[in-house]
Amino acid sequence: MELKFRIETIRLIEAHFALNRQYKWVKDEVIEFQQSIEIEHKSVDNILGVIVKFYSDSEKQPFRFSVAWEGAFVFEKLPPKESLERIAHVNCASIIFPYVRESIADLTRRASIVPLNLQPMNFVALYEEKQKAVTLAAPKKSVKKSKTAK
């Protein structure tokens, strides 16, 4: 089954940036960023709405940020729920992510800091990790043992 969809809109819905004034800059030191990504989706009629949030809020960094972008994708026919989740987390998130990257680079540049260019992300691996975690966390059905009369 071939699934066809088009991009209706992609828009910035949230952006926060704050310098950490207590951070001590050390020349030529590589800064490790603890970053997180969240992907949410919901569908109404034939439209799939996907939000990609990317943030880093550690006190051990020179700045904190969060950015959220939303995309609306219109399908000719909405796929089944299992396929829809994968499409949202892999295809749609991959389409939205360059906007997230550009926003973060622009925010850091505007703060007179060397732009932070996020590395590309493997959304297939991210989705498979999430699915594995969900599978492992799911409660296992217990098998009832029946007592036999002697």
Arg11, CZ: over 12 other non-hydrogen atoms inside 6.0 angstrom
no
Audit row: Ile37, Phe123, side chain to side chain contact (heavy atoms under 4.5 Å, CB included) steps and yes/no
CA-CA 11 Å; Ile37 188 166; Phe123 286 96; 3.8 Å; yes
Could you tell me whether the side chain of [Y] reaches within less than 4.5 Å of the side chain of [X], counting heavy atoms only?
X	Y	result
Ile39	Ile51	no
Leu19	Ile113	yes
Thr108	Val114	no
His16	Phe65	no
Pro115	Asp106	no
Glu85	His89	yes
Cys92	Leu48	yes

Under a 3.5 Å distance rule, please check whether Ser94 uses its side chain to pair with a backbone N or O of Val90 as donor and acceptor.
yes
Main-chain N/O of Glu59 paired to Asn20 side chain as donor or acceptor, under 3.5 Å
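A pair under 3.5 Å: yes.
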Can you measure from [atom1] ([X]) to [atom2] ([Y]) and round to the nearest 0.5 angstrom?
X	Y	atom1	atom2	result
Gln119	Gln35	CD	CD	9.0 Å
Leu12	Ile96	CG	CD1	11.5 Å
Lys42	Leu84	NZ	CG	13.5 Å
Met121	Arg101	CE	CZ	10.5 Å
Glu102	Leu107	CD	CG	9.0 Å

Picking from Tyr55, Tyr23, Phe33, what satisfies ring-ring contact (aromatic ring centres under 6.0 Å, His included) with Phe63?
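Going through Tyr55, Tyr23, Phe33 one by one, the ring-ring contact (aromatic ring centres under 6.0 Å, His included) with Phe63 is satisfied by Phe33 alone.
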Side chain to side chain donor-acceptor pair (under 3.5 Å) with Ser56: which of Arg64, Gln61, Gln34?
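When Arg64, Gln61, Gln34 are each tested with Ser56, the side chain to side chain donor-acceptor pair (under 3.5 Å) holds only for Gln61.
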Are [X] and [Y] in one and the same hydrophobic cluster, where Ile, Leu, Val, Met, Phe, Trp and Tyr link if side-chain heavy atoms are under 4.5 Å apart?
X	Y	value
Val52	Ile47	no
Val100	Ile7	yes
Val50	Ile10	yes

How are the rings of Trp69 and Tyr99 set relative to one another: parallel (under 30°), tilted (30 to 60°) or perpendicular (over 60°)?
tilted
Does Glu40 have any side-chain hydrogen bond (donor to acceptor under 3.5 Å, both in side chains) partners at least two apart in sequence or in another chain, and if so, which?
Lys53
Could you tell me whether Arg6 and Glu76 have a side-chain N and a carboxylate O separated by less than 4.0 Å?
no
Given the rule in the side chain to side chain contact (heavy atoms under 4.5 Å, CB included) test, do Gln131 and Arg86 qualify, once you have shown the distances and angles that lead to the verdict?
CA-CA 10 Å; Gln131 291 305 105; Arg86 182 174 176 84; over 6 Å; no
If you take all heavy atoms of Leu78 and Asp45, which pair is closest and at what distance?
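Residues Leu78 and Asp45, closest heavy atoms: CD2-O, 3.2 Å.
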ring-ring contact (aromatic ring centres under 6.0 Å, His included) against Phe5, all qualifying residues, sequence neighbours excluded:
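Partners of Phe5 under the ring-ring contact (aromatic ring centres under 6.0 Å, His included) test: Phe73, Phe75.
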